[in-house]
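Reviewing the structure listed below.
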Amino acid sequence: MARYILKRLLAMIPVLIGVSLLIFFLLYIAPGDPATIALGDSATPEQILEWRTEQGLEDPFFVQYGKYMWGILTRFDFGKSYRSGRPVTDSLLSAFPITLVLALPVTLISMLIGMLLGILSANHRNSAADAAARIVGMLGVSIPGFWLSLMLILLLAVKLKWLPVSGWYGWKYAVIPILSMSLYAIATQMRMTRSCMLECIRQDYVTTARAKGQSERKITYHHVLRNALIPIVTSSGQHFGFMLGGSLVQEQIFSIPALGILMVNAINARDYPQIRGSVILLAFTYSVVNLLVDILYAYLDPRIKAQYINESKRKKHRARAAEEQQ
């Protein structure tokens, strides 16, 4: 298993290099001059040329890319923002924890409530409970996030005055954004769990378990759910990765200084260092999430873990055989 984790970690290196090279090239050929935006329309050509030279924008493409990657690898330096002049690393370290505060609770809530609704719906198929769960799922994927956010503001902040409207000055400011993002996540998780559960319920091992007289509770949680968890965990990991950069609507509505709105402001201002750093950070985080999901597979399904163990044993056996032949 340790060998597999090491391979996955090494496989992340070309992925991150490819992402950095792609985003660097796209920004290199993108229309618009960041010098004009940073200095304003009144800047003279000499001032623009001086600014571009200071920022290294007059160097050839591969020279710029080499300097950028060398700064990341040696000093963890993503450059300085064209707009604010602050180090990009500081901006990322201040915005990314806020993104995690939004993404982690939404993922956990969706897994808990969505899985429970999916299990209830699958175990009582074509019943009133199943119909109610499917209605919740349909509404969750149909209601626009911005509309739900505004309705929650009117109810919880304006009318009931339980929570603040916008900003980011404590845990209370995260409640309404998390609730507004959770409905879609719960609906998606519920639909995935219901589909996987129904597929596993039809398998022969479930019929055999019932024939042996096992309780429905044990059949549901020990046999059916355990075998249905692989696609459910995959969906949760993908949704968490999407949440890292996909909560832009809520960030804009609630004035949350998280990673999504930081990227949009950087794109509007042609702030190339900020865009590159944000994209590379998202790619790295998404790769780590995929790695954790793959590791979790081995603990959920013994067959996958046995595959890794058997592969390691086969390699050791081949190595011993080669030594004996020599």
| Tyr272 versus Pro31, closest heavy-atom pair with distance | OH-O, 4.5 Å
| field | Beyond-backbone contact of Ile280 with Tyr68, side-chain heavy atoms, under 4.5 angstrom | value | yes
| message | Please find the pair of heavy atoms, one from Arg86 and one from Ser94, that lie closest to each other, and give the distance. | response | NH2-OG, 4.4 Å
| said: Count I, L, V, M, F, W, Y as connected when their side-chain heavy atoms are under 4.5 Å apart, and connections chain through other members. Are Val165 and Trp162 then in the same cluster? | reply: yes
| request: Verify the ring-centre separation between Phe61 and Phe24: is it less than 6.0 angstrom? | output: yes
| Do the side chains of Leu104 and Phe240 get nearer than 4.5 Å, heavy atoms only? | yes
| query | Closest approach of Cys200 and Val206, non-hydrogen atoms and distance? | reply | O-CG2, 3.3 Å
| task | Decide yes or no on side-chain contact (heavy atoms from CB on, under 4.5 Å) for Ile232 and Gln189, but give the supporting numbers first. | result | CA-CA 7 Å; Ile232 294 173; Gln189 194 68 266; 3.3 Å; yes
| Side chain Ser81, main chain Asp271, donor-acceptor under 3.5 Å | no
| message | With a 4.5 Å cut-off on side-chain heavy-atom distances among I, L, V, M, F, W and Y, is there a chain of contacts connecting Leu73 to Val279? | response | no
| Step-by-step side-chain contact (heavy atoms from CB on, under 4.5 Å) determination, Val264 to Gln252 | CA-CA 10 Å; Val264 172; Gln252 188 71 43; 5.6 Å; no
| note | Ile48 and Ala35 have their tightest heavy-atom pair at CG2-CB, 3.7 Å
| field | Result of checking Gln214, Lys218, Gln203 against His223 for side-chain hydrogen bond (donor to acceptor under 3.5 Å, both in side chains) | value | Gln214
| Are any of the side-chain heavy atoms of Met115 and Leu229 separated by less than 4.5 Å? | yes
| field | Over 12 non-hydrogen atoms of neighbours within 6.0 angstrom of CD in Gln55 | value | yes
| task | Would you list the pairs meeting side chain to side chain donor-acceptor pair (under 3.5 Å) in which at least one residue belongs to residues 167-185, sequence neighbours left out? | result | Ser149-Ser180
| Glu58, CD atom: more than 12 neighbouring heavy atoms under 6.0 Å | yes
| field | Heavy-atom check, side chain of Thr285 versus side chain of Phe96, under 4.5 Å | value | yes
| Value rounded to 0.5 Å, distance of CG in Leu152 from CG in Leu163 | 9.5 Å
| Are Leu139 and Ile113 linked, directly or through other ILVMFWY residues, by side chains that come within less than 4.5 angstrom of each other? | yes
| Yes or no on side-chain contact (heavy atoms from CB on, under 4.5 Å) for Ser166 and Ile253, after CA distance, side-chain angles and deciding distance? | CA-CA 8 Å; Ser166 64; Ile253 292 174; over 6 Å; no
| field | Tyr28, OH atom: more than 12 neighbouring heavy atoms under 6.0 Å | value | yes
| When rounded to the nearest 0.5 angstrom, what distance separates CE in Met111 from CG in Leu116? | 11.0 Å
| query | Would Phe78 end up clustered with Trp70 when hydrophobic side chains under 4.5 Å apart are linked, directly or stepwise? | reply | no
| message | Has Ser195 got a side-chain atom pairing as donor or acceptor with Arg191's backbone, closer than 3.5 angstrom? | response | no
| task | Indicate yes or no: at least one non-hydrogen side-chain atom of Asp77 is less than 4.5 angstrom from one of Val88. | result | no
| query | Hey, are the side chains of Arg194 and Arg134 touching, using non-hydrogen atoms and a 4.5 Å cut-off? | reply | yes
| query | Would you say the side chain of Ile267 lies within less than 4.5 Å of the side chain of Gln274, judging by non-hydrogen atoms? | reply | no
| request: Could you grab the distance from atom CD1 of Ile178 to atom CD of Gln250, nearest 0.5 Å is fine? | output: 11.0 Å
| task | Measure the CG-CD1 distance between Leu179 and Ile109 for me, rounded to the nearest 0.5 Å. | result | 6.5 Å
| request: With the side chain counted from C-beta on, respond yes when Arg270 and Thr36 share a heavy-atom pair under 4.5 Å apart, and no when they do not. | output: no
| request: Under the side-chain contact (heavy atoms from CB on, under 4.5 Å) rule, what do Tyr205 and Asn227 come out as? Steps first, then yes or no, please. | output: CA-CA 11 Å; Tyr205 60 83; Asn227 286 278; 3.4 Å; yes
| message | How long is the straight-line distance from OG1 of Thr193 back to CE of Met190, given to the nearest 0.5 Å? | response | 8.5 Å
| Is Met69 linked to Phe62 within one hydrophobic cluster, defined over Ile, Leu, Val, Met, Phe, Trp and Tyr using a side-chain heavy-atom separation of less than 4.5 Å? | yes
| note | Smallest heavy-atom separation, Ala157 atom then Ile176 atom, equals CB-CD1, 4.2 Å
| query | Considering the options Arg217, His222, Glu216, which one meets the side chain to side chain contact (heavy atoms under 4.5 Å, CB included) requirement together with Ile219? | reply | Glu216
| message | Please find the pair of heavy atoms, one from Val249 and one from Phe146, that lie closest to each other, and give the distance. | response | CG1-CB, 3.7 Å
| query | Atom CZ in Arg52, atom CG in Leu49: separation rounded to 0.5 Å? | reply | 8.5 Å
| So, the side chain of Ser121 versus the backbone of Leu117: is there a donor-acceptor pair under 3.5 Å, distance only? | no
| Backbone of Met12 reached by a side-chain donor or acceptor of Ser287 within 3.5 Å | no
